Structure formats: structure tokens, C-alpha cells
Amino acid sequence: MNQRVTRMRFHSRYAGPENAISELSVEQFLHGAWAPFELTVRSPGFDIYTYSALTCQHTYFRLNCAEKGLLLTSAIGEIAITLADDWKMLGVRVEISAKLKSGIATREIRDYILDRMRHCPVSINTCPAENDQTIIHFVD
């Protein structure tokens, strides 16, 4: 069985106590290189799905950080979805690395944020894959 991986990433900057997005760029990995991604009416369906999953994870990450008093300066996040030949999802890996403006990311806070990210509407409506993984990092 052959596999394929679809990948997208974002770079974001934030402002204010709710970690509102002040700058955002999204890229898609195509033909061995990162290229800008813009959502349009002509975007392929699975690209839209991948973008929605990444956006949902990003939203739950930044809002739950704010809820727990973690103010962010910037973040980089990536989603990688591994697919079988028939497009069945075999695994989803989300990794976000954020630069803290203020707050302390304790183990308890990290676990809370990770749990909340697993409850974003896109994630809870996706069949769980055996190899799903969500990782978050904070740097001061």
C-alpha cells in the first residue's frame, strides 16, 4: 500500500489579551517545496479540509492559551495528514511552536490546551486514526 502526505503550515503574529491574529500566512507543501496557499472557490476539496483542520487547531490553541493567561507573540504550526491510496486518513500530526509574551506554560496548562485542541469541531468529526498526534511547544 502506497501512502501520501499532505502538509500545510502557518506563521502567525498576535496582539491583545485574546491572542487576536495580527498577521497570518499559510503555505502548502507541493512538489517538494513550500508555496503560498490561498483559499479560493477553485481550491481542491482535500486542500480545503486540510486548511480547515489546521485553522481549527490554531483557533483552539490560541484562544485556550489566552484563557489560561498565556499571551503569545507569534507561532508556527504545521499539519501533516498521512493518507492511503484511497484517500483514507491513516494519521494526523499537528505541531505548533509559539513564542510567549507572558505567562507560564505549566504541564497542567499544556495538557488542558492539548485536550481542548482535540475538541475542535473539525477534529471531533474526523474518524480517529491510529497515528494521530498533537504537539505544542512554548518558547520565552
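The model shown is predicted, which means the values in this text are computed figures rather than measured ones.
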Check whether any side-chain heavy atom of H11 sits under 4.5 Å from a side-chain heavy atom of E27, and report yes or no.
-> yes
T59 side chain near C56 side chain, heavy-atom distance below 4.5 Å = no
Could you grab the distance from atom CD1 of I81 to atom CZ of R4, nearest 0.5 Å is fine?
-> 12.5 Å
A80 versus V5, closest heavy-atom pair with distance = CB-CG1, 4.1 Å
Within-4.5 Å side-chain heavy-atom neighbours: M117 and N64 | no
Considering all heavy atoms of both residues, which atom of A66 and which atom of P17 are nearest to each other, and what is their separation?
-> CB-O, 3.4 Å
Considering the options Y51, F10, F29, which one meets the ring pair (Phe, Tyr, Trp, His ring centres under 6.0 Å) requirement together with F37?
-> Y51
Side-chain touch E78/R7, heavy atoms, less than 4.5 angstrom | yes
Check: R107 and D111 side chains under 4.5 Å, non-hydrogen atoms = yes
Path from I21 to L63 over hydrophobic side-chain contacts below 4.5 Å = no
Working for side chain to side chain donor-acceptor pair (under 3.5 Å), residues E67 and Y112 = CA-CA 11 Å; E67 179 184 313; Y112 175 83; 2.6 Å; yes
Would you give the length of the straight line joining atom CZ of R62 to atom CG of L71, rounded to the nearest 0.5 angstrom?
-> 12.5 Å
Work out which heavy atom in R116 is nearest to a heavy atom in Y60; give both atom names and the distance.
-> O-CD2, 3.2 Å
Check whether any side-chain heavy atom of V139 lies under 4.5 Å from a side-chain heavy atom of L100, and answer yes or no.
-> no
F46, I48: one ILVMFWY side-chain cluster at the under-4.5 Å cut-off?
-> yes
Whether D132 side chain and V92 backbone form a donor-acceptor pair below 3.5 Å = yes
Please tell me if the side chains of I79 and R9 come closer than 4.5 Å, counting only heavy atoms from C-beta onward.
-> no
Output the distance between atom OG (S52) and atom CD (Q57), rounded to the nearest 0.5 Å.
-> 10.5 Å
In terms of heavy-atom contacts, L83 and L90 come closest through C-CD1, 3.9 Å
Under 4.5 Å between side-chain heavy atoms, hopping through other hydrophobics if needed: is there a path connecting V94 to I109?
-> yes
Hydrophobic cluster identity match, L39 and L54, side-chain contacts under 4.5 Å = yes
Does S12 reach the main-chain N or O of S74 with its side chain, forming a donor-acceptor pair under 3.5 Å?
-> no
Find out if a path of hydrophobic residues (ILVMFWY) with successive side-chain heavy-atom gaps under 4.5 Å connects L30 to Y49.
-> no
Closest non-hydrogen contact found for L72 with A98 is CD2-CB, 3.9 Å
Result of checking I96, L70, I104 against F138 for side-chain contact (heavy atoms from CB on, under 4.5 Å) = L70
Please round to the nearest 0.5 Å and tell me the distance separating atom CG of N19 and atom SG of C65.
-> 6.5 Å
How long is the span from the NZ atom in K88 to the OG1 atom in T82, to the nearest 0.5 Å?
-> 13.5 Å
When you check the gap from the basic side-chain N to the acidic O, do R93 and E95 get nearer than 4.0 Å?
-> yes
Compare all side-chain heavy atoms of E23 with those of Y14 and state whether any distance is below 4.5 angstrom.
-> no
Shortest non-hydrogen pair, R110 vs H137, comes out as NH2-CA, 4.3 Å
Residue I135 excluded, over 12 heavy atoms near CD1 under 6.0 Å = yes
